[in-house]
Protein chains: 2
Amino acid sequence: MTQPRWLDSEEKAAWNAFLEASHRVERRVEHHLREQEGLSHPQYEILVRLADEPERQLRMTELAESLLTSKSGASYQIGKLEKAGLVRRSSCPGDDRGVFAVLTEEGMAKLNRVAPGHVELVRSSLIDLLSREQLAALTDALDTVGRGLED
Amino acid sequence: MTQPRWLDSEEKAAWNAFLEASHRVERRVEHHLREQEGLSHPQYEILVRLADEPERQLRMTELAESLLTSKSGASYQIGKLEKAGLVRRSSCPGDDRGVFAVLTEEGMAKLNRVAPGHVELVRSSLIDLLSREQLAALTDALDTVGRGLED
DNA sequence: ACCGGGTTGTTCAAATTCGAACAACCGCTA
DNA sequence: TAGCGGTTGTTCGAATTTGAACAACCCGGT
């Protein structure tokens, strides 16, 4: 077998910075939403995805793909949100297998209530830490990565 | 209450790119290590951290902090690695509360065996997707974020 | 020597995640 | 219309993570 192409010091620095930043940010966001707003980050993201839809609804599979999570994970979280009254399940006309997750009025209200604090946290965790140039370069690089890893 | 400072489209793009890239990369790395090497990503990171130490050992608390995880999480994973023979626990001279996690020879051998495949995956998941300039800019931005979020 | 506040690591219950297995359904083809 | 490969969403068990609670320990001041 051929020699592995080891990472040089710059590449190692990039990888470590990536791991550290993503863990720290994720940890911070999760903790804030949990403590301050009573939502997990996945749950918040679900509300956002649904609110972005014209009909405020998404098929379970679409939702799972959008969240980059498993179908069972999406099913579990929708169950939680349903119990909390923020989302309801609705059958899908024309496809009896299908299930829509629909944002309720209460869910929309909850999102509107929670969003300002979340945005502030996103700012203090990422956006406001960087200059406009750094932010643009970050977006450029991470978009490239995201596109490169599309299924 | 004052108006929240909503994210403009560039800021939103940055946040979304950050979330998507970190999830996709984490998912890919986790999946690869699990399927190909029989280790979870946290477990792999533990082996790396220990191998980086001159004595190939770390106190439990230091390890947990290095991994950006909880103490109980570190304890759990060390338990797993101990059962697998890759790590052993050792008492800490001069502090009876302390516990060292020590990398065994077997653990070092496992790491050496796994590392090449992991490096290849890191390359294909991040490093090789970017130009040298993009990588440098990414590291700069993420280092800033990491430092900004240090406890 | 003894307290009292802080530290260390483990254990516990609860929450979450995943993949596999599954039943039900879809749509195309013969 | 009967069948068949593929899709959809849920359920299940197993693995993992977290914070709280806890026992044991450290150390500086008295």
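The chains referred to below are lettered A, B, ... by the order of the sequence lines, with proteins before strands, and numbering in each begins at 1.
An OP1 or OP2 oxygen of dT17(D) is reached within less than 4.0 angstrom by no side-chain nitrogen or oxygen of S70(B). Put simply, Q77(A) has no side-chain N or O that comes within less than 4.0 Å of OP1 or OP2 on dA15(C). Phosphate contact (OP1/OP2 of dT16(C), side-chain N/O of K80(A), threshold under 4.0 Å): present. Between S72(B) and dG19(D) there is no side-chain N or O to OP1 or OP2 distance below 4.0 Å. When the side-chain nitrogen and oxygen atoms of R34(A) are compared with OP1 and OP2 of dT16(C), one or more of them lie within a distance under 4.0 Å. Distances shorter than 4.0 Å separate some side-chain N or O of Y76(A) from OP1 or OP2 on dT16(C). Applying the 4.0 Å criterion to OP1 and OP2 of dG9(C), one finds that R89(B) has every side-chain N and O outside that range.
W6(B) CH2 to K12(B) NZ: the interatomic distance, rounded to the nearest 0.5 Å, is 9.0 Å. In this structure, H41(A) NE2 and Q77(A) CD are separated by 11.5 Å, a value rounded to the nearest 0.5 Å.
A straight line from NZ of K71(A) to C1' of dC18(C) spans 12 Å, rounded to a whole angstrom. Between the CG atom of L81(A) and the P atom of dA15(C) there is a distance of 15 Å, rounded to whole Å. Rounded to an integer number of Å, the gap from I78(A) CD1 to dT8(D) P is 16 Å. Between the P atom of dT8(D) and the CZ atom of F100(A) lies a distance of 12 Å, rounded to the nearest Å. The CD atom of E45(A) sits 15 Å away from the P atom of dT16(C) (whole-angstrom rounding). Between I46(B) atom CD1 and dT16(D) atom P the separation is 11 Å, expressed in whole Å. Between the CD atom of E30(A) and the C1' atom of dG19(D) there is a distance of 13 Å, given to the nearest Å. If you take CG of L33(B) and P of dA15(D), they are 18 Å apart, rounded to a whole angstrom.
For T69(B), taking side-chain heavy atoms from C-beta onward, the closest of the listed nucleotides dG19(C), dA15(C), dT18(D) is dT18(D). Closest to the P42(A) side chain, of the nucleotides dT10(C), dT16(C), dT17(C), is dT17(C).
Here the options are R28(A), R34(A), H32(A), the test is side-chain contact (heavy atoms from CB on, under 4.5 Å), and the partner is E30(A); only R34(A) passes. Of the listed residues (L103(A), L63(A), L111(A)), just one forms a side-chain contact (heavy atoms from CB on, under 4.5 Å) with I46(A), and that residue is L63(A).
Cluster membership for V25(A) and V48(A), using ILVMFWY side-chain heavy atoms within less than 4.5 angstrom, is shared. Under the 4.5 Å side-chain contact rule for hydrophobic residues, F100(A) and L50(A) do not share a cluster.
For the contact set between residues 21-28 of chain A and DNA chain C, defined by any heavy atom under 4.0 Å, there are no members. Taking every heavy atom of residues 51-68 of chain A and every atom of DNA chain D, pairs under 4.0 Å involve R59(A), M60(A), T61(A), by number.
The two residues M108(B) and A51(B) come nearest to each other via the heavy atoms SD-CB, 4.0 Å. Among all heavy-atom pairs drawn from V99(A) and C92(A), the shortest one is N-CB, 4.2 Å.
Both R97(A) and A74(A) lie near DNA chain C, and the one whose nearest nucleotide falls closer to the 5' end is A74(A). In terms of position along DNA chain D, the nucleotide closest to D95(A) lies nearer the 5' end than the nucleotide closest to the other residue of the pair D96(B) and D95(A).
Contact annotation for H31(A): backbone-only contact, meaning every heavy-atom pair under 4.0 Å involves sugar-phosphate atoms and none involves a base. Across all strands shown, G73(B) has heavy atoms under 4.0 Å from base atoms, whether or not it also approaches the sugar-phosphate.
Crowding of E105(B) atom CD: a count of heavy atoms from other residues, nucleotides or ligands under 6.0 Å not exceeding 12.
Judged by distance alone, the side chains of R88(B) and T104(B) never bring a donor and an acceptor atom under 3.5 Å apart.
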- [ ] Check the pair E37(A) / H118(A) against side-chain hydrogen bond (donor to acceptor under 3.5 Å, both in side chains), numbers first and verdict last.
- [x] CA-CA 9 Å; E37(A) 322 283 12; H118(A) 176 69; over 6 Å; no
